[in-house]
There are 2 protein chains.
Amino acid sequence: MNQSRSRRPTIIDVAKRAGVSKSTAARALTGSSNITEQTRERVVKAAMAVGYERNHLAVGMRSGRSGMLGLVIPDITNPFWADVARGAQDRAVRSGASLLIFSSDWDPAAESAHLRALRRARVDGAIINPVADNFDDLDRFGLPFVFIGSSAERFPDVSSVGSDIGQAVRLGLDHLVSNGHEAPSLILGPKSRLARARFLRTVHEHCVERDVDPAILALEDGEYTVEGGRHAMRRLLERPHLGHVAVFAANDMMALGAMMAGS
Amino acid sequence: MNQSRSRRPTIIDVAKRAGVSKSTAARALTGSSNITEQTRERVVKAAMAVGYERNHLAVGMRSGRSGMLGLVIPDITNPFWADVARGAQDRAVRSGASLLIFSSDWDPAAESAHLRALRRARVDGAIINPVADNFDDLDRFGLPFVFIGSSAERFPDVSSVGSDIGQAVRLGLDHLVSNGHEAPSLILGPKSRLARARFLRTVHEHCVERDVDPAILALEDGEYTVEGGRHAMRRLLERPHLGHVAVFAANDMMALGAMMAGS
DNA sequence: ATGAAAGCGCTAACAT
DNA sequence: ATGTTAGCGCTTTCAT
C-alpha cells in the first residue's frame with residue numbers, strides 16, 4: 001500500500017530489476033527483433049513484477065503520435081451523436097487509441113476552443129461536426145480530420161460523412177402522403193443551419209411534384225432539442241387553424257418534444 | 001500552405017523569433033514573474049506570429065500532470081450516461097482539462113482494458129461506473145478516482161456518487177398506487193446487477209407496508225436497453241394473465257422498449 | 001531580468 | 001544481442 005502509492009515505475013525500474021540496460025528493456029517490451037527469447041522473458045517478468053505500464057506521454061513525445069483522437073460534436077446528449085461517439089470510440093479502441101470527446105453546444109466559440117484543445121493535446125486526428133459558418137482557419141488547422149454532417153458541404157475539399165437529407169425527407173413525405181396527409185406541418189431546425197435549407201428545399205420539390213402549393217404548409221423553427229420541438233409544436237397548436245393532422249419534425253428529439261407538447 | 005504543413009512550431013521557434021532564450025520565452029508564455037513587460041509582449045507577439053501552441057504532451061511529461069481526465073461508463077448511448085458525460089465534460093473543460101470517454105458495454109474485461117488505457121495515458125483522475133464485480137486491483141489502481149452508481153457501495157472506502165434507488169422506487173410506487181395500481185408488473189435489470197436487488201427489496205418493503213403479497217407481482221428481467229425492455233414486455237404479455245394494467249420498468253430505456261413492445 | 005543546463009520517460013541510431 | 005547516447009518540447013533550478 002505504501003509502496004504502491006509511490007512513483008509509477010519507469011522502464012528504468014524494469015531494466016534494473018531484469019539486470020539489463022533500458023534500451024534492451026524497451027526492445028523486449030516493444031516486441032522488437034534482435035532479442036534473446038530468454039532475456040525477453042526476464043524483462044517481461046520484471047515488468048509485471050514492478051507493475052510497469054508504458055507512459056504514453058513519453059511515447060507520444062518521442063514518436064510524435066499521441067495515440068489519441070478527437071471528436072467534436074454539437075451535443076453528446078443527442079442520441080444521434082451518442083451513437084456517433086460510440087462508433088468512433090469502439091473503432092478507436094480497436095486501433096489501440098483513445099478518444100477525446102467535446103460537445104460544442106452549437107457554439108462556434110466553444111467549438112474553436114475545443115479544436116485548440118485537441119491541437120494542444122496533439123491528437124493524431126479528429127472527427128468534427130462543424131457548427132461554425134466560417135471555418136476560415138481550416139487550412140491552418142494542421143490536423144488530419146474528417147467532417148460529419150451536412151454543413152460539411154460548405155467545404156468541398158474536406159472529406160466528410162453526412163446523411164442524405166433529401167432522401168430522408170422524401171421517404172418521410174412519401175409515408176405521410178400514402179397515409180393521406182398531403183400537407184403536413186413542419187418543425188424545422190434554426191434558420192442558420194444548412195440542413196434546414198436542404199430539408200425545406202426537398203419538401204418544396206416534393207410538393208411541386210404533387211401539385212401542392214408549398215406555401216400552405218405550416219412551419220415552425222426551433223432548436224434541435226426536445227425543448228425546441230415542444231415549443232415549436234405549441235406555437236403550431238396556437239395557430240388559428242383547423243388542427244394539425246400530421247407533423248413532420250426535423251429530428252427525433254424535436255418529434256419527441258412535439259409529442260409531449262400537451263403536457 | 002506549404003509552410004503551414006511543416007513541423008509544428010516549438011517554443012524554440014518562438015524564442016528565436018523574439019530574440020530571447022527559450023527559458024525566457026517559457027516564462028513569458030506561462031505568465032511567470034520576473035519578466036519585463038516589454039519582452040513579454042515581444043514573445044507573445046512572436047508566438048502568435050508563428051502560430052505557436054503549447055505541446056501538452058511535453059508539459060505533461062515535465063509536470064507529471066497530463067491535464068486529462070477519464071470517464072468509464074457502461075454505455076454512452078444510454079441517455080443517463082450521456083448526461084453524465086456531458087456534465088463531466090463541461091466541468092473538465094471549465095478547468096482546462098480534456099475528457100477521455102470509454103464505454104465498457106457492461107463487459108468487465110473491456111472495463112479493465114479501458115482502465116489500463118487511462119493509466120497509460122496518465123490521466124490525472126477518473127470517474128468510473130464500475131461493472132466488474134471484483135475490483136480487487138483497486139488498491140493497486142494508482143489513480144485518483146470517484147465511483148458512480150449503486151455498485152459502488154461494494155467498496156465502502158471509495159468516494160462515490162449514486163442515485164437513491166430506494167427513494168426512486170418509492171416515488172414510483174406511490175404514484176402508481178395513488179392511481180389505483182396496487183400490484184404493478186415489474187421489468188428489472190439483469191440478476192447480476194446490484195441495483196436490481198436494491199430495486200426489488202424496496203418493492204417488497206413497499207408491498208408489505210400495504211399488506212400486498214409481493215409474490216403476486218409479475219416480474220421479468222432484461223438488459224438495461226430498449227431491446228431488453230421490449231423483450232421483457234413481450235414475455236409479460238404472453239403470460240396467461242388478466243392483462244398488465246401497469247408496468248414499472250427499471251429505467252427509461254426499458255420503459256420505452258416496453259411501450260414499443262406491440263410493434 | 002535573462003541565459004545555460006538538467007531532466008521528465010521513452011525509443012532509435014549508433015556503437016560494440 | 002546488448003549497451004551508450006541523443007533528443008522529442010517543455011519548465012525550472014542555478015548562475016550571472
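Just the heavy atoms: all of them, side chains too, but no hydrogens, waters or symmetry mates, feed the values below. Proteins get letters first, then strands, A, B, ... in listed order; numbering begins at 1 in each.
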message: Under 4.0 Å from OP1 or OP2 of C/dC8: is there any side-chain N or O of B/S63 that close?
response: no
- request: Decide yes or no for B/M253 and B/Y224: does some side-chain heavy atom of the first lie under 4.5 Å from some side-chain heavy atom of the second?
  value: no
field: Spacing of A/N34 atom CG relative to C/dA15 atom P, expressed in whole Å
entry: 16 Å
- prompt: Which nucleotide in the set D/dC10, C/dG9, C/dG3 lies at the smallest distance from any side-chain heavy atom of A/A58?
  reply: C/dG9
- line: Whole-Å distance, B/K22 NZ to D/dT13 P, equals 15 Å
field: Presence of salt bridge, B/R119 and A/E53, under 4.0 angstrom
entry: yes
Distance in angstrom units between A/R65 CZ and C/dC10 C1', rounded: 16 Å
- request: Name the residue closer to the 5' end of DNA chain C, choosing between A/S23 and B/T24 according to the nucleotide with the nearest heavy atom.
  value: B/T24
- prompt: In terms of side-chain geometry, is the basic nitrogen of B/D13 or B/R8 positioned less than 4.0 Å from the acidic oxygen of its partner?
  reply: no
field: Whole-Å distance separating the CD1 atom of B/I35 from the C1' atom of C/dG3
entry: 11 Å
task: Identify which nucleotide among C/dC10, C/dC8, D/dC10 has an atom closest to any side-chain atom of B/M61, counting heavy atoms from C-beta outward.
output: C/dC8
task: Please state whether the phosphate of C/dG3, meaning OP1 or OP2, lies under 4.0 angstrom from any side-chain nitrogen or oxygen of B/S21.
output: yes
message: Classify A/S32 by what it touches in the nucleic acid, base, sugar-phosphate, or nothing, heavy-atom distance under 4.0 Å.
response: nothing
task: Can you figure out which of C/dA1, C/dC8, D/dT4 approaches the side chain of B/T36 most closely?
output: C/dA1
query: Of A/P9 and A/R27, whose nearest nucleotide on DNA chain C comes first from the 5' end?
result: A/P9
query: Does any non-hydrogen side-chain atom of B/D90 lie less than 4.5 Å from one of B/V93?
result: no
Atom-to-atom span, CD1 of B/I11 to C1' of C/dT2 - whole angstrom: 14 Å
message: From the set D/dG3, C/dC10, D/dC10, return the single nucleotide nearest to any side-chain atom of A/T10.
response: C/dC10
field: A/R7 CZ to C/dG7 C1', straight-line distance once rounded to whole Å
entry: 13 Å
task: Take atom CZ of B/R122 and atom P of D/dC10, then tell me their distance rounded to the nearest Å.
output: 20 Å
- request: Mind calculating the distance between CG (A/D13) and P (C/dG9) to the nearest angstrom?
  value: 9 Å
message: Counting only heavy atoms from other residues, nucleotides and ligands, does the tally under 6.0 Å from CG of A/D252 exceed 12?
response: no
